[in-house]
Colleague: 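Before I ask anything, here is the structure I am working with.
Values below: all heavy atoms of this structure, side chains included; hydrogens, waters and symmetry mates excluded.
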Amino acid sequence: MDARKKRNKFNVDEELDSPFDSTHLKRSFKYIKRYGKQLIFALFLSVVSTLLSLITPQFTGMAVDNLIPNGNIKGLWLMAGAFVVIVAAIILINRWRILITNRVGQTIISEIRHDLFEHLQKLPFDYYDSRPHGKILTRVVNYVNAVADFLSNGVVNIILETFSLLAIIVFMFITSPKLTLLTLATMPLFVGFMFLIKSPQRRARQKLSNKNSNINAYLHESINGMKVTQSFDREAMNYEIYGGLAQDVRNAWMRAVMLGGTIWPVISLLSNTVKLGIYYSAAANIFADISLGTILTFIGYVFRFWMPIQMLGNLYNNLINTTAYLERIFQVLDEPVSIDDHEGAYALPQISGRVEFRDVTFAYEAGNNVLEHLNLVAEPGESIALVGPTGAGKSTVISLLARFYDIQEGSITIDGHSIYDVTISSLRSQMGMMLQDTFLFTGTIMDNIRYGRLDATDEEVYAAAKAVHADDFIRQMPDGYQTEVRERGSSLSAGQRQLISFARTLLADPRILILDEATSAIDTKTELLVQQGLNALLKGRTSFIIAHRLSTIKNCRILYVADKQIVENGTHDELIAQKGRYYELYTSQMD
């Protein structure tokens with residue numbers, strides 16, 4: 001696969017389910033309502049600041065028309081002092097307002113991220129199977145920042161700038177109705193321009209968010225696969241792919257900025273056109289009844305008149321950005337939690353561990369069944385080994401038991417309770433699971449083992465580690481159980497990671513134990529030690545074990561999974577005697 005084809009894989013833009021409408025903003029207002037009092041007070045401070053700022057142009061007219069011609073030096077000093085006081089008050093009031101809105105904004109960021117993360121915790125495996133994780137991260141981090149800033153500052157500023165514009169127009173009419181009408185004559189041109197660029201701006205911002213999402217997805221995959229990249233000498237090709245995605249981001253950014261940057265030049269052109277008209281009118285003596293002081297005062301208002309218009313233009317750009325981000329955030333929040341407690345679900349009582357699959361059919365994708373009419377019964381305390389070719393559905397069986405996915409047909413019960421009638425929490429809390437993909441979290445070894453049961457004592461953690469013979473190598477480390485584990489356990493060997501994960505599972509003291517390739521990365525000597533601990537642990541617990549090393553499952557009842565069903569069922573000796581598929585698999589490993 002060449003770099004261009006690889007890049008195209010990551011350059012697939014997300015499709016919006018529907019065009020933006022006001023419902024996205026209305027939904028986002030629930031976060032604003034929680035802080036309505038603070039934002040209303042911030043708006044009040046802004047109004048006071050705006051009104052104070054509109055007083056200052058009057059000082060210019062009074063000075064030019066009255067104080068300076070009459071030589072009133074004392075009046076000029078008093079006016080200068082009043083001006084300083086007003087400016088200082090404006091600075092203090094604005095600082096107070098900024099503190100309030102920033103505090104609210106950061107709180108909104110926290111709440112939106114909390115809602116997103118809580119929802120992500122509930123989404124089923126197939127949600128993460130079907131989309132790049134980097135794109136999910138982009139929504140949780142980048143998009144939330146932009147949205148929260150608009151919700152805390154943007155909404156307040158829209159109201160404020162609208163009020164400022166109306167207040168300035170009132171002051172302008174008080175100063176000179178004729179010049180006000182001259183100024184307002186340019187407004188239809190600006191409004192028409194804004195409507196003209198509305199759609200191109202939105203499309204440009206949506207494209208930019210798509211390109212940022214694409215590059216983040218590729219970066220996330222590249223970091224996770226860095227060892228493979230360097231092993232196969234793929235650095236140059238990956239650099240080329242990343243460079244292409246970065247160029248796409250640059251092009252999309254420049255397009256969005258170019259469209260957004262047209263607002264200020266248009267405002268500047270209209271503002272200077274108005275000023276030119278006023279100066280021309282004064283020079284041509286068109287408005288003979290207007291004094292020089294009035295003209296200078298009005299020019300001050302013209303400058304202020306276009307400031308809220310410019311701000312509203314910028315806020316409009318932010319609104320365009322926010323709508324694109326809100327669409328994606330709400331896409332995540334609207335993603336159905338397909339694996340959830342059904343109505344009337346009850347807590348699964350303490351179980352003995354009888355498991356039954358009855359006529360179970362399951363497919364990850366419609367029309368492509370992985371299992372068909374599968375039947376299985378595990379008695380309490382029985383150890384079941386699932387063997388068979390790769391892709392036959394062994395891991396699927398245990399994933400269905402833990403209800404990571406929902407079946408299409410049939411039923412799965414534990415002690416006669418359908419797993420779809422009980423709460424997921426009560427179901428999984430009585431299971432201990434070690435999946436094929438060993439995952440350790442950033443923290444200490446003690447923290448990772450205790451993840452299996454957060455209220456476990458240190459002694460219980462030590463006992464679990466000893467049971468799987470992890471205690472010896474842990475204590476040989478510089479800080480023992482307090483040794484820091486890097487992300488995904490990269491500072492440990494594969495075998496050490498599996499032993500720690502094994503201890504974590506044992507600590508949970510489950511009634512049903514699930515082990516998926518639990519000994520795949522453990523050497524033969526260590527495997528014998530772990531097997532001794534397992535024999536004691538499995539006693540009295542129903543267990544499901546997937547292992548390619550058939551020597552580890554001789555004491556289990558063995559189910560051979562193939563052709564979407566269980567095709568052989570029996571003990572090791574029984575299946576060897578049948579000389580069927582298990583016999584062929586076992587003898588192939590012995591050669």
Side-chain angles (χ1 to χ4, degrees), residues 106 109-110 112-123 125 127-129 131-145 215-231 332 402 404 428-429 431-466 468 470-508 514-518 520-522:
Q106 289 303 310
I109 286 178
S110 176
I112 296 178
R113 283 187 180 155
H114 178 272
D115 289 348
L116 277 170
F117 186 76
E118 182 180 33
H119 192 68
L120 288 170
Q121 297 280 300
K122 299 177 181 178
L123 291 178
F125 282 10
Y127 176 81
Y128 300 97
D129 294 341
R131 49 187 45 80
H133 295 172
K135 295 194 176 186
I136 300 174
L137 290 174
T138 298
R139 297 183 181 196
V140 177
V141 180
N142 299 26
Y143 294 171
V144 170
N145 285 344
I215 197 171
N216 284 338
Y218 183 69
L219 182 61
H220 181 270
E221 182 186 79
S222 297
I223 292 174
N224 285 336
M226 190 57 67
K227 291 181 179 179
V228 178
T229 295
Q230 294 182 2
S231 298
V332 176
F404 292 141
R428 294 176 185 167
S429 65
M431 292 183 178
M433 184 172 296
M434 181 175 172
L435 299 177
Q436 188 171 2
D437 182 17
T438 303
F439 191 98
L440 297 184
F441 296 90
T442 301
T444 65
I445 291 177
M446 176 72 77
D447 293 335
N448 272 277
I449 297 177
R450 188 175 274 131
Y451 197 89
R453 182 158 58 88
L454 297 180
D455 61 349
T457 64
D458 289 355
E459 288 69 25
E460 289 173 323
V461 172
Y462 301 149
K466 289 177 181 178
V468 298
D471 183 73
D472 289 341
F473 85 79
I474 293 175
R475 292 189 183 278
Q476 291 174 6
M477 292 186 167
D479 297 317
Y481 282 84
Q482 299 305 316
T483 300
E484 289 290 329
V485 177
R486 291 185 226 157
E487 187 175 6
R488 298 185 66 90
S490 59
S491 56
L492 302 171
S493 70
Q496 289 173 332
R497 290 198 298 271
Q498 284 200 316
L499 286 174
I500 291 173
S501 296
F502 211 12
R504 177 172 63 193
T505 303
L506 304 191
L507 183 64
I514 296 174
L515 306 174
D516 188 349
E517 291 297 327
S520 62
I522 301 175

Colleague: What heavy-atom pair brings Glu460 and Leu507 nearest, and what distance separates the two atoms?
Modeller: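 Taking every non-hydrogen atom into account, O-CD1, 3.5 Å.
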
Colleague: So, using salt bridge (Lys or Arg N to Asp or Glu O under 4.0 Å) as the criterion, who are the partners of Asp471 when residues are at least two apart?
Modeller: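 Asp471: salt bridge (Lys or Arg N to Asp or Glu O under 4.0 Å) contacts with Arg475.
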
Colleague: Please collect all side chain to side chain donor-acceptor pair (under 3.5 Å) contacts where either partner lies in residues 114-123, sequence neighbours excluded, each pair once.
Modeller: Tyr31-Asp115

Colleague: Distance check, rounded to the nearest 0.5 Å: Ser501 atom OG versus Leu506 atom CG?
Modeller: 10.5 Å

Colleague: Any donor-acceptor pair under 3.5 Å linking the side chain of Ser110 with the backbone of Gln106?
Modeller: no

Colleague: So do Ile474 and Thr483 actually touch side chain to side chain, heavy atoms under 4.5 Å?
Modeller: no

Colleague: Can Phe502 and Leu515 be said to form a side-chain contact (heavy atoms from CB on, under 4.5 Å), step by step?
Modeller: CA-CA 9 Å; Phe502 211 12; Leu515 306 174; 3.3 Å; yes

Colleague: Side chains of Ile500 and Leu440: does their closest heavy-atom pair fall under 4.5 Å?
Modeller: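 When only atoms from C-beta onward are counted, Leu440 and Ile500 do touch, with a gap below 4.5 Å.
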
Colleague: If we check side-chain contact (heavy atoms from CB on, under 4.5 Å) with Ile449, which of these qualifies: Val461, Thr505, Thr444?
Modeller: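 Going through Val461, Thr505, Thr444 one by one, the side-chain contact (heavy atoms from CB on, under 4.5 Å) with Ile449 is satisfied by Val461 alone.
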
Colleague: Which residues pass the salt bridge (Lys or Arg N to Asp or Glu O under 4.0 Å) test with Arg450, not counting sequence neighbours?
Modeller: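 Listed in chain order: Asp458.
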
Colleague: Does the side chain of Met477 come within less than 4.5 Å of Leu492's, by heavy atoms?
Modeller: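 SC-SC contact between Leu492 and Met477 confirmed.
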
Colleague: Counting C-beta onward and ignoring hydrogens, is there a side-chain heavy-atom pair between Phe404 and Arg428 closer than 4.5 Å?
Modeller: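 In contact.
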
Colleague: Quick check on Phe473: does its CZ atom have over 12 non-hydrogen neighbours (other residues, nucleotides or ligands) under 6.0 Å away?
Modeller: yes

Colleague: Return the minimal non-hydrogen interatomic distance between Ala503 and Ala464, and the atom names on each side.
Modeller: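 Shortest heavy-atom separation between Ala503 and Ala464 comes out as O-CB, 3.6 Å.
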
Colleague: Run Met446 and Tyr462 through side-chain contact (heavy atoms from CB on, under 4.5 Å) and show every step you take.
Modeller: CA-CA 9 Å; Met446 176 72 77; Tyr462 301 149; 3.6 Å; yes

Colleague: Are any non-hydrogen side-chain atoms of Arg504 and Asn448 less than 4.5 angstrom apart?
Modeller: yes

Colleague: To check you understand the geometry: which heavy-atom pair defines the closest contact between Gly480 and Ile445, and what is its length?
Modeller: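 Taking every non-hydrogen atom into account, O-CD1, 4.0 Å.
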
